[in-house]
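I have placed the structure first, in the form of structure tokens, so that the comments after it can refer back to it.
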Amino acid sequence: MPELPEVETVRRGLMPALVGRRLADVAAHRPDLRFPLPDGFAARLRGRRVEDIGRRAKYLLLGLDGNLTLLVHLGMSGRFQVASGNGPLCLHDHVCFVTDDGWSVRFNDPRRFGYMDLIATDRLSGHPMLAGLGPEPLGEDFTGAYLGARLSGRGMALKASLMDQRTVAGMGNIYASESLYRARLSPLRASGSLGAAGVKRLVGAIRSVLVEAIEAGGSTLRNHQRPTGELGCFQHSFAVYDRAGEPCPDCRCDVARTGGIQRAVVAGRATFHCPKRQR
DNA sequence: AACAAGACCTGCATGC
DNA sequence: TGCATGCAGGTCTTGT
């Protein structure tokens, strides 16, 4: 499911329910998500106070008192739901938190590609899932100079490089396609073939697409929703994603002649682009 | 080292 | 209606 804008939306939705609250109860209803939960998972969380909720790439980082961080990845289908009181479990409610003021926060993940781990906060940056990540696309380290150097000399398809979390942290299939469209760059071209102008356009496009998507509350395709149940609405702004055969919104090409937006497969993932506009 | 493909797991849309 | 098939927003692991 979630790429950076969806995870950021979830983070913002969890803050009012959790930050400053103590976890009166924590229950794991199965021993594993994608990987086994760490030993004593629920017991180690119980009674802790949530000090802040951060995000790195697509990971949520719940900072707890006593030097502990709960690291959460939503996988493809993970979501949190916040409710008052503690109602009956729904199918795939795998981990349940109850705060000291009586709210319940539940992690539901049908596909179970999600992931949770506990790590000492002062060793967070060394966590194996975080250690190799590239810069945050909305941070100041993500510059044209950085991206140009990173892509230089690589033959891999440009979109595959963008989805490599070591290149830039948090891009996924949707926003990689949308950013490349906005930068007028083909997802199929070699990563190292960009000039400085192309790299600069790409950095700007990635930033603007992500900022707009966050403002829209992310994209809801199947099951992304905010912890409050509201849906994201950036999917209505997609220029190319999942729009094969439709006209590209900018060049308005004659679909009967050009075929409109094309679907291709890059690094095993569906990829959408306008061959006329994106070179 | 770079890259592709397979694996993980469930739900849903599609077509027969 | 029921069944088989393919596909899905991610990423770790294995193999070339």
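This one's a predicted model, so the numbers in the text were calculated from it and none came from an experiment. Proteins get letters first, then strands, A, B, ... in listed order; numbering begins at 1 in each.
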Query raised in the report: Should stems be defined as at least three consecutive Watson-Crick or G-U pairs with both distances under 3.5 angstrom, which of them involve DNA chain C?
Result: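 Detected stem regions: B:2-8 with C:10-16, B:10-16 with C:2-8.
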Requested in this report: Supply the members, apart from A:M163, of the Ile/Leu/Val/Met/Phe/Trp/Tyr cluster built from side-chain contacts under 4.5 Å; use none for a lone residue.
Outcome: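 ILVMFWY cluster around A:M163 holds nothing else.
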Taking 4.0 Å as the cut-off, does a side-chain nitrogen or oxygen of [X] come that near to OP1 or OP2 on [N]?
X: A:H73; N: C:dG10; result: no
X: A:Q165; N: C:dT11; result: yes
X: A:K58; N: C:dG9; result: no
X: A:R269; N: C:dG10; result: yes

Report task. In whole angstrom, give me the gap between the P atoms of B:dT14 and C:dG9. Result ->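 So the two P atoms sit 16 Å from each other.
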**Report entry** P-based separation of C:dC3 from B:dC9 [nearest Å]
**Finding:**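 Roughly 24 Å separates the two P atoms.
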Remember a base hit wins even if backbone is also touched, and classify [X] as base, sugar-phosphate or nothing at under 4.0 Å, heavy atoms.
X: A:R263; result: sugar-phosphate
X: A:L91; result: sugar-phosphate
X: A:Y59; result: sugar-phosphate
X: A:G268; result: nothing
X: A:Y241; result: sugar-phosphate
X: A:G155; result: sugar-phosphate
X: A:A267; result: nothing
X: A:R112; result: sugar-phosphate

Query raised in the report: Under a 4.5 Å cut-off applied to non-hydrogen side-chain atoms, are A:F238 and A:L221 in contact?
Result: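 Yes, at least one pair of side-chain atoms sits under 4.5 Å.
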Query raised in the report: Given side chains that start at C-beta, do those of A:N173 and A:Y241 come closer than 4.5 Å, heavy atoms only?
Result: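 Yes; the side chains approach each other to less than 4.5 Å.
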Query - Aromatic ring of A:F113 stacked on base six-ring of B:dC8, 5.5 Å, 30° - result: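 It does: the ring sits over the base of B:dC8.
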Report task. For A:R263 and A:T271, run side chain to side chain donor-acceptor pair (under 3.5 Å): C-alpha distance rounded to whole Å, both residues' side-chain angles, the deciding distance at 0.1 Å, then the answer. Result -> CA-CA 6 Å; A:R263 181 187 193 274; A:T271 296; over 6 Å; no
Query - Passing option when A:R189 is tested against A:S186, A:S193, A:S191 for side-chain hydrogen bond (donor to acceptor under 3.5 Å, both in side chains) - result: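 Answer after filtering A:S186, A:S193, A:S191: A:S193.
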Query raised in the report: Under 6.0 Å from the six-membered ring centre of A:F107 and within 45° of its axis: does the NZ or CZ of A:R79 meet both?
Result: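 No cation-pi geometry.
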Requested in this report: Look at the side chain of A:R154 and the base of B:dA2, then say whether one donor and one acceptor between them are separated by less than 3.5 Å.
Outcome: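 Check fails, no donor-acceptor contact within cut-off.
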Query raised in the report: Is A:R184 salt-bridged to A:D250, going by a charged N under 4.0 Å from an acidic O?
Result: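 The answer is no: the pair does not qualify as a salt bridge.
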Can you tell me how far [atom2] of [N] sits from [atom1] of [X], to the nearest Å?
X: A:H92; N: B:dC9; atom1: NE2; atom2: P; answer: 13 Å
X: A:F272; N: C:dC7; atom1: CZ; atom2: P; answer: 11 Å
X: A:D117; N: C:dC12; atom1: CG; atom2: C1'; answer: 14 Å

Query raised in the report: More than 12 heavy atoms of other residues, nucleotides or ligands under 6.0 Å from CG of A:D39: is that the case?
Result: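 Not more than 12 within 6.0 Å, no.
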Query raised in the report: Of the candidate nucleotides C:dA8, C:dC12, C:dG10, which contains the atom at the shortest distance from the side chain of A:M129?
Result: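 Among C:dA8, C:dC12, C:dG10, the one nearest the side chain of A:M129 is C:dC12.
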